[in-house]
Undergrad: 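Got a structure for you, questions after.
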Amino acid sequence: MTESTALYDIPGPQARRRHLIYGLASTVVLLAPAGWIIHLLFDTDQFTSTKWMPFEYEGIQELLLRGLGNTLKAFAYASVLSLALGAALAAGRLSEHRVLRWVSGLVVEFFRAMPVLVMIFFIFVALKVQPLPALVAGLALYNGSVLAEVFRTGVHAVARGQGEAAYALGMRKTQVMTYVLVPQAVRAMLPAIISQLVVALKDTSLGFLIT
Amino acid sequence: MDVLTDNFSLYGEGFLGTVELTVYASALALVLGFVMASFRVAPVGSFRVFGTVWVTALRNTPLTLLFFAVMLGLPRFGLVLPFEVFAVLALGCYTSAFICEALRSGINTVPRGQGEAARGLGMSFSQTLSTVVLPQAFRTVIPPIGSNLIALAKNSAIAGAFSVTELLGTYKTLSELGYSIVWTFVWIAVGYLIITLGISALFHVMEKHWGVAR
Amino acid sequence: MAVADPLIELRGVNKHYGALHVLRSIDLTVGRGEVVVVIGPSGSGKSTLCRAMNRLESVESGEIVIDGKPLPEEGKALARLRAEVGMVFQSFNLFAHKTVLANVSLAQIKVRKRKKEEADRRSRELLDRVGLAAHADKYPAQLSGGQQQRVAIARALAMDPKALLFDEPTSALDPEMINEVLEVMRQLARDGMTMVVVTHEMGFARSAANRVVFMADGKIVEDRAPEEFFTAPRSERAREFLSKILKH
């Protein structure tokens with residue numbers, strides 16, 4: 001095994017034989033439904049050439065490409081806006097002014113607790129905004145709030161000594177943040193940031209529900 | 001305020017619809033997630049492959065797309081079920097991938113030495129699992145499972161777009177009846193807040209109860 | 001070395017980690033009541049050797065015989081054997097979610113099938129013996145490293161093992177805690193416990209061991225009485241190792 005967990009002992013010869021038998025049996029059991037599904041697909045004529053013909057039409061291809069383009073456009077706007085909003089809200093939550101901290105905390109908690117779809121529908125229906133901006137705004141509000149928390153935990157995760165060392169050198173809070181804490185936080189949190197952007201990309205498909 | 005009092009039963013129905021969806025889909029997600037997690041840490045290669053494929057496929061599919069696949073695809077194969085059941089299937093399967101990963105990383109946080117110490121004392125596999133590994137994994141796993149179930153509750157809003165009775169769907173009826181849309185949404189938001197905050201409170205209690213002693 | 005009453009015997013044991021040959025045809029016999037200290041540079045295979053004796057590491061070829069019976073490869077037989085051969089780890093490995101008392105009692109109840117009261121009584125006795133009776137209700141994380149390791153020794157003793165294996169028991173400890181653990185181990189040695197100890201503590205090897213086994217590059221290079229080994233090592237490899245260690 002590549003990963004070592006606390007779970008298993010090193011297998012002995014009997015255990016290895018057992019694993020092999022389970023492996024073969026389960027492969028059969030798991031492949032059977034897969035085969036059945038493929039059979040069903042054939043049976044319902046999903047693989048006949050006429051069903052795939054539409055993809056040869058230029059119109060359809062253009063439609064698919066335009067769809068892809070719109071997805072990427074919505075994603076690009078949404079990700080830039082949510083990164084900016086996330087940074088602003090995180091700065092607010094880390095601020096020294098109690099009111100600012102409190103307000104950004106409230107905003108973050110509210111939008112994180114709300115389904116994205118409710119936000120999108122609200123903006124689309126109640127504020128009568130066009131579908132694309134409504135989608136982008138909803139995604140930005142939600143993902144921005146999540147990213148704000150990611151940034152904040154990132155800054156907190158940077159070892160305390162780093163900030164102390166920077167203050168000891170005579171830097172002011174803004175300088176400590178921009179030169180010392182934030183660069184390290186972003187590096188540490190990059191996987192979380194990227195996976196949140198993937199969530200945003202996937203959620204652009206919600207746009208379908210308001211068109 | 002009128003929106004709520006005049007249409008209390010409509011809101012109530014939607015609210016209960018969302019709660020029901022959340023509860024059933026959570027149960028499905030927890031069971032499937034547990035099965036898939038045990039597949040992913042199994043010593044048998046084919047189980048691991050299956051678990052990995054399951055998780056990768058579901059985590060990287062937009063939930064909306066999954067809803068379409070289930071609602072439009074399954075009836076093509078003669079599997080016709082009520083929309084509610086389809087919605088539970090889609091939500092449950094989708095979330096099971098995230099639950100699986102939470103469980104797996106929980107198991108991986110238990111140091112290898114804990115298992116070795118247990119086996120070194122002569123404990124069997126099932127004893128090691130039930131008295132040493134799982135109790136420790138369980139503690140670390142509570143918070144991420146909580147946030148995954150909150151995500152599930154929020155994702156259940158998508159079901160409303162597929163004619164399932166739930167909270168977000170009530171806005172259509174209400175706006176047709178001519179009520180203020182803003183207030184309609186305020187009460188919808190309150191409904192979701194009650195559910196998500198409820199789940200988060202429940203998991204806080206569980207974490208307090210089982211999470212700290214160490 | 002000829003041993004009168006062998007308890008642990010290894011014959012022609014080999015193991016690889018990928019291309020690395022960590023155990024090269026190891027022959028070693030540990031007699032009943034003997035204390036064998038295994039020393040050697042890091043990466044010499046001494047930990048692997050120790051862990052192979054209760055099959056926390058598998059070996060590829062050769063024979064391991066414990067108390068006249070070949071070491072089982074799996075299943076109930078292996079579990080039974082492991083209950084007879086206690087193991088003390090470098091990183092203590094106390095069960096983090098259980099109190100000190102429960103740590104010592106757990107396997108007595110689950111494996112030895114003792115009643116809880118009986119197991120707890122025995123545990124308190126052993127905790128008293130390692131000087132930790134007052135800490136029975138604490139969690140491992142509340143103890144110092146030295147205290148944790150003494151609990152781990154009590155946990156191993158609670159199974160009434162025929163032999164104890166120590167895999168670098170003091171390597172993870174702060175200097176001031178090493179002695180409290182070594183003192184417990186010395187006492188065990190005086191009481192006649194069969195012990196295999198992988199360690200870097202030369203003082204312990206000198207004072208408590210019946211034999212010193214020096215390993216390098218997966219081979220046993222020397223296997224002799226401690227006084228002889230430390231005063232007049234035969235091999236160049238051992239001389240080099242000792243000169244590096246004893247310089248300070």
Side-chain angles (χ1 to χ4, degrees), chain B residues 30 34 37-38 41-48 102-146 202-214, chain C residues 47 50-51 53-57 72 74-99 102-113 137-142 148-149 151-152 154-161 164-167 172:
Chain B
L30 287 172
F34 183 81
S38 42
V41 299
V44 180
S46 57
F47 283 130
R48 284 204 299 278
L103 289 172
R104 190 173 68 106
S105 55
I107 286 171
N108 284 339
T109 56
V110 180
R112 194 192 157 99
Q114 295 282 317
E116 286 185 348
R119 282 191 291 276
L121 289 163
M123 288 197 213
S124 66
F125 170 68
S126 57
Q127 285 172 335
T128 307
L129 194 67
S130 63
T131 60
V132 176
V133 179
L134 287 187
Q136 293 190 55
F138 183 63
R139 284 148 206 254
T140 57
V141 134
I142 296 172
I145 287 195
L202 177 71
F203 276 82
H204 262 294
V205 171
M206 285 170 63
E207 205 192 333
K208 274 257 164 60
H209 194 76
W210 286 299
V212 267
R214 213 165 213 272
Chain C
S47 267
C50 179
R51 289 161 56 86
M53 290 181 195
N54 68 351
R55 210 176 181 279
L56 287 177
E57 301 277 354
E74 60 198 324
K76 285 210 182 84
L78 178 61
R80 252 197 309 277
L81 177 117
R82 281 172 172 168
E84 300 293 329
V85 180
M87 178 100 191
V88 176
F89 300 86
Q90 179 177 351
S91 49
F92 331 132
N93 293 345
L94 292 180
F95 303 131
H97 62 307
K98 299 220 175 268
T99 62
N103 259 282
V104 185
S105 292
L106 183 67
Q108 297 185 60
I109 297 166
K110 296 285 173 188
V111 179
R112 288 278 186 245
K113 309 288 177 202
D137 296 322
K138 290 190 181 164
Y139 282 90
Q142 295 167 287
Q148 289 193 49
Q149 193 60 297
V151 174
R155 178 174 73 175
L157 285 173
M159 306 300 286
D160 303 315
L164 278 181
L165 309 173
F166 292 84
D167 182 8

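Atoms considered below: every heavy atom in the structure, side chains included; atoms not considered: hydrogens, waters and symmetry mates. Letters A, B, ... mirror the listed sequences (proteins, then strands); counts begin at 1.
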Undergrad: Donor-acceptor pair, distance only, cut-off 3.5 Å: does the side chain of C/N103 make one with the backbone of C/T99?
TA: yes
Undergrad: Pick one of side chain, backbone, both or neither for C/F89, based on which atoms fall under 4.5 Å of a heavy atom in chain B.
TA: side chain
Undergrad: Within the structure provided, determine whether B/P143 and B/E207 are in side-chain contact (heavy-atom separation under 4.5 Å).
TA: yes
Undergrad: Please flag which part of C/R55 lies under 4.5 Å from any non-hydrogen atom of chain B: side chain, backbone, both or neither.
TA: neither
Undergrad: Could you tell me which of C/A107, C/P161, C/G75 has the largest number of non-hydrogen atom pairs under 4.5 Å with chain B?
TA: C/A107
Undergrad: Not counting sequence neighbours, which residues clear salt bridge (charged side-chain N to carboxylate O under 4.0 Å, His left out) with C/E74? List them please.
TA: none
Undergrad: Looking at CZ of C/R51 and CE of C/M87, how far apart are the two atoms once the value is rounded to the nearest 0.5 Å?
TA: 6.0 Å
Undergrad: Under the rule for salt bridge (charged side-chain N to carboxylate O under 4.0 Å, His left out), what residues qualify as partners of C/R112, not counting sequence neighbours?
TA: C/E84
Undergrad: Where does B/E116 contact chain C at under 4.5 Å (heavy atoms): side chain, backbone, both or neither?
TA: both
Undergrad: Where on C/L165 is there a heavy atom nearer than 4.5 Å to chain B: the side chain, the backbone, both, or neither?
TA: neither
Undergrad: Does any heavy atom of chain B fall under 4.5 Å from the side chain of C/V88, the backbone, both, or neither of them?
TA: neither
Undergrad: Would C/K113 and C/Q108 satisfy side chain to side chain contact (heavy atoms under 4.5 Å, CB included), going step by step from the backbone distance to the final call?
TA: CA-CA 6 Å; C/K113 309 288 177 202; C/Q108 297 185 60; over 6 Å; no
Undergrad: Against chain B, label C/K98 side chain, backbone, both or neither, depending on which of its atoms sit under 4.5 Å from a heavy atom there.
TA: side chain
